[in-house]
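Read through the structure below, which is laid out as structure tokens, and then see the notes.
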Amino acid sequence: MMIKLFQNNLQKVILLITVILIVTALVTFLSTRKSTTINQDSNKSKTIIIYCSHPQEMYYNGNNVTDIAEEIFNKLKNEYINVCLLEVPTSTPRNNGFEISREMLKKKVENFNEVILLDIHIDYPVFQKNQKPLVKNSEQGINIVVSEKNKSFKENRKFADRLLNEIDNLDKKNTTKIILNNADIFNQDLSNNALLINIGTGNTSMEDVKTYVDKLVIALKKITVINYLTGSFNLC
């Protein structure tokens with residue numbers, strides 16, 4: 001009887017110790033995971049928001065600017081960059097493009113200090129297939145447009161200079177340039193990292209467009225902190 005009672009008590013003690021060890025291990029794991037998450041969040045990269053205020057813009061061969069924006073988005077996503085594609089309706093009137101994209105951005109973004117806004121365009125675009133724009137070859141390349149009329153001009157210009165330098169480091173053809181514009185603000189007052197980027201002209205071949213897109217993506221990757229664990233934000 002005494003031996004049986006001792007065995008029962010021993011089993012209970014062993015069970016209790018096992019439970020305590022499991023609980024302790026679980027608490028330690030959760031505490032470590034929480035600490036890791038906080039550390040990851042502190043290094044989280046700014047989210048790049050890709051959009052097209054004028055989604056009707058086309059190249060001579062029929063490719064739409066939204067196709068290019070989506071390609072930039074996919075390439076950045078494949079590089080584990082925090083990126084979001086904001087789709088402006090193709091029915092958006094061209095004259096109201098910036099106003100409509102602005103309202104969409106304000107609805108989606110809580111803190112503009114934590115985002116990079118890239119409005120993708122075509123310099124001298126066409127709006128109907130097989131319509132050829134009259135533009136010189138010298139207009140080809142990536143044009144980074146910075147508005148001088150908004151409160152964030154100085155910071156946006158710094159961001160543009162940094163992006164330009166990274167692109168120029170990839171080759172010495174100097175096909176990228178910064179254009180200062182005082183005609184509109186292009187929603188660049190919303191963020192210190194907001195740019196309008198022209199990817200070629202309506203005459204640009206898709207081979208050249210691909211080259212421009214690849215250079216832009218590589219440059220953005222270099223100036224953006226990558227966090228492979230957190231992935232992209234779900235703003236859109």
Side-chain angles (χ1 to χ4, degrees), residues 46-74 76 83-135 139 142-157 159-160 163 177-204 209 212-213 216 220 233-236:
K46 291 182 182 296
T47 299
I48 299 177
I49 300 182
I50 307 292
Y51 68 102
C52 303
S53 290
H54 297 147
Q56 317 89 343
E57 294 182 346
M58 297 174 60
Y59 295 94
Y60 175 60
N61 60 17
N63 285 82
N64 195 276
V65 69
T66 55
D67 299 328
I68 306 308
E70 186 173 357
E71 183 176 356
I72 295 170
F73 164 75
N74 287 329
L76 288 171
V83 62
C84 172
L85 181 64
L86 184 69
E87 297 184 13
V88 178
T90 55
S91 59
T92 299
R94 179 169 173 79
N95 292 339
N96 302 106
F98 292 116
E99 289 82 358
I100 291 175
S101 62
R102 184 184 187 87
E103 290 306 311
M104 293 182 66
L105 288 168
K106 290 171 70 174
K107 288 179 181 179
K108 294 290 184 180
V109 181
E110 293 182 359
N111 186 356
F112 281 101
N113 292 327
E114 297 300 324
V115 299
I116 294 171
L117 303 180
L118 299 182
D119 192 358
I120 307 301
H121 288 257
I122 301 171
D123 202 9
Y124 298 98
V126 298
F127 299 94
Q128 295 179 2
K129 192 174 181 179
N130 297 324
Q131 173 189 357
K132 195 161 187 174
L134 300 176
V135 59
E139 297 291 343
I142 301 174
N143 294 333
I144 304 173
V145 182
V146 185
S147 168
E148 296 179 292
K149 292 182 65 174
N150 73 90
K151 61 181 181 180
S152 300
F153 166 68
K154 289 184 179 180
E155 294 301 321
N156 286 331
R157 176 61 196 267
F159 179 53
L163 184 61
K177 60 179 178 291
I178 293 175
I179 298 175
L180 301 182
N181 187 296
N182 60 8
D184 205 334
I185 60 174
F186 309 122
N187 296 328
Q188 292 177 10
D189 59 315
L190 295 176
S191 170
N192 289 337
N193 299 285
L195 300 173
L196 188 155
I197 300 182
N198 292 318
I199 307 294
T201 73
N203 283 331
T204 304
V209 168
Y212 302 152
V213 166
L216 176 62
L220 287 169
F233 297 152
N234 294 318
L235 289 177
C236 299

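Only a predicted model underlies this, so the values are computations on that prediction, with no experimental measurement involved.
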4.5 Å side-chain heavy-atom contact, L216 and I199: yes
Side-chain (K46) to main-chain (N113) donor-acceptor, under 3.5 angstrom: yes
Distance (rounded to the nearest 0.5 Å) between I100 CD1 and E103 CD: 9.5 Å
D119 side-chain N/O to S53 backbone N/O, donor-acceptor pair under 3.5 Å: yes
Pairwise side-chain contact, D123 with H121, heavy-atom cut-off 4.5 Å (strictly under): no
4.5 Å side-chain heavy-atom contact, L117 and Y51: yes
Polar side chain donor-acceptor pair, N64 to T66, under 3.5 angstrom: yes
Value rounded to 0.5 Å, distance of CD1 in I120 from SG in C52: 6.5 Å
Separation between CD of E114 and CD1 of I49, rounded to the nearest 0.5 Å: 11.5 Å
Side chains of V83 and L220 in contact at under 4.5 Å (non-hydrogen atoms): no
S147 backbone acceptor or donor facing Q188 side chain under 3.5 Å: yes
Stepwise side-chain contact (heavy atoms from CB on, under 4.5 Å) test for E70 and L85: CA-CA 7 Å; E70 186 173 357; L85 181 64; 4.2 Å; yes
Rounded distance [0.5 Å steps], OH in Y59 versus CD1 in I122: 4.0 Å
Beyond-backbone contact of I72 with L118, side-chain heavy atoms, under 4.5 angstrom: no
Closest heavy-atom pair and its distance - L196, N198: CD2-OD1, 3.6 Å
Contact check, side chains of F153 and V146, non-hydrogen atoms, under 4.5 Å: yes
pair L105-F112: side-chain heavy atoms closer than 4.5 Å: yes
R94/E57 under salt bridge (Lys or Arg N to Asp or Glu O under 4.0 Å): CA gap, chis, key distance, verdict: CA-CA 9 Å; R94 179 169 173 79; E57 294 182 346; 3.1 Å; yes
Stepwise side-chain contact (heavy atoms from CB on, under 4.5 Å) check, L163 with I197: CA-CA 11 Å; L163 184 61; I197 300 182; 4.1 Å; yes
Stepwise side-chain contact (heavy atoms from CB on, under 4.5 Å) test for E155 and N193: CA-CA 7 Å; E155 294 301 321; N193 299 285; over 6 Å; no
Spacing of N74 atom CG and I50 atom CD1 [to the nearest 0.5 Å]: 10.5 Å
Residue from K149, K151, R102 passing salt bridge (charged side-chain N to carboxylate O under 4.0 Å, His left out) with D189: R102
Pair N187-S101, side-chain donor/acceptor within less than 3.5 Å: yes
Min side-chain heavy-atom separation F186-N156 under 4.5 Å: no
CG-CD1 distance between L195 and I144, expressed to the nearest 0.5 angstrom: 6.5 Å
